[in-house]
A.B. asks: 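Provided herewith is a single structure, encoded as structure tokens, for subsequent inquiry.
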Amino acid sequence: MTRRYKLWRAGAALFALINLAGAGYAAALGEALHLAVHVGLLLIGAAAYLAWRLALRGRQQNLLSAEQTDPRLEYLQQSVDAMALEVERIGEAQRFSDKLRVERGETSPLKKPQSD
């Protein structure tokens, strides 16, 4: 936990305790409107805390999914690199065989000899 997280959590707990004590005090005095204000503040605080926790959980899940993506991307990059190397080898072999054909005076199987 970061220091900032601890401070916000302590502030939220203090906010809840103050409103809980205020609600108890208002109920003891029989002040319905005062009690309703403290109960409303407690509900708003609880809703804000839950929304904050859900957002925090969402960020943690995004970080986890990003960490899981890295090995897959690394594997994909290695696969693409391996295929590029193989394609280069095939091209080199094709150039070599074409060079040998030219030196021997052979024509390519795709090219037909021209007749006059």
Side-chain angles (χ1 to χ4, degrees):
M1 281 192 215
T2 64
R3 183 177 180 183
R4 183 176 170 189
Y5 173 80
K6 289 179 182 178
L7 287 174
W8 276 107
R9 195 167 186 183
L14 184 62
F15 179 80
L17 285 174
I18 289 171
N19 281 302
L20 191 60
Y25 180 73
L29 294 179
E31 298 175 354
L33 186 58
H34 188 189
L35 175 63
V37 168
H38 281 289
V39 169
L41 286 173
L42 273 171
L43 292 175
I44 290 171
Y49 178 75
L50 288 175
W52 177 66
R53 291 291 292 179
L54 289 174
L56 183 64
R57 183 177 296 159
R59 276 187 261 139
Q60 289 173 346
Q61 288 176 349
N62 287 343
L63 290 175
L64 289 176
S65 65
E67 290 173 4
Q68 291 172 351
T69 305
D70 289 342
R72 290 183 284 176
L73 285 176
E74 184 66 31
Y75 178 75
L76 182 62
Q77 181 66 39
Q78 289 174 356
S79 299
V80 169
D81 290 343
M83 286 190 301
L85 184 61
E86 290 301 318
V87 168
E88 181 60 33
R89 287 180 183 166
I90 291 169
E92 188 176 323
Q94 185 66 40
R95 285 190 297 275
F96 180 73
S97 66
D98 286 344
K99 180 181 172 186
L100 287 178
R101 280 194 193 113
V102 168
E103 288 176 359
R104 292 181 188 163
E106 297 175 3
T107 60
S108 173
L110 298 177
K111 296 179 184 175
K112 295 184 180 182
Q114 296 179 351
S115 59
D116 290 283

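We're numbering straight along the sequence, starting at 1.
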A.B. asks: Do Ile18 and Tyr49 sit in the same hydrophobic cluster, where Ile, Leu, Val, Met, Phe, Trp and Tyr count as joined when their side-chain heavy atoms come under 4.5 Å apart?
C.D. replies: no
A.B. asks: Whether Arg95 and Glu88 form a salt bridge (side-chain N of Lys/Arg under 4.0 Å from carboxylate O of Asp/Glu) is what I want to check.
C.D. replies: yes
A.B. asks: Rounded at 0.5 Å granularity, tell me how far CZ in Arg53 sits from CZ in Arg9.
C.D. replies: 6.0 Å
A.B. asks: Tell me whether Leu17 at atom CG has more than 12 heavy atoms from other residues, nucleotides or ligands lying less than 6.0 Å away.
C.D. replies: yes
A.B. asks: Listed by chain and number, what are the side-chain hydrogen bond (donor to acceptor under 3.5 Å, both in side chains) partners of Arg4, not counting sequence neighbours?
C.D. replies: none
A.B. asks: Quick one: do Glu86 and Arg89 make a salt bridge, cutoff under 4.0 Å?
C.D. replies: yes
A.B. asks: Extract all donor-acceptor atom pairs below 3.5 Å that involve side chains of residues 78-85 and protein atoms in other chains or at least two apart in sequence.
C.D. replies:
| unit_1 | atom_1 | unit_2 | atom_2 | d |
| --- | --- | --- | --- | --- |
| Ser79 | OG | Tyr75 | O | 3.0 |
| Asp81 | OD1 | Gln77 | NE2 | 3.1 |

A.B. asks: Any chance you could measure Leu41, atom CG, to Phe15, atom CZ, to the nearest 0.5 Å?
C.D. replies: 5.0 Å
A.B. asks: Are Tyr25 and His34 side-chain neighbours, meaning at least one heavy-atom pair lies under 4.5 Å?
C.D. replies: yes
A.B. asks: Can you tell me if CH2 on Trp52 sees more than 12 non-hydrogen neighbours from other groups inside 6.0 Å?
C.D. replies: yes
A.B. asks: Using 0.5 Å steps for rounding, measure from the CD atom of Glu103 to the CG atom of Asp98.
C.D. replies: 11.5 Å
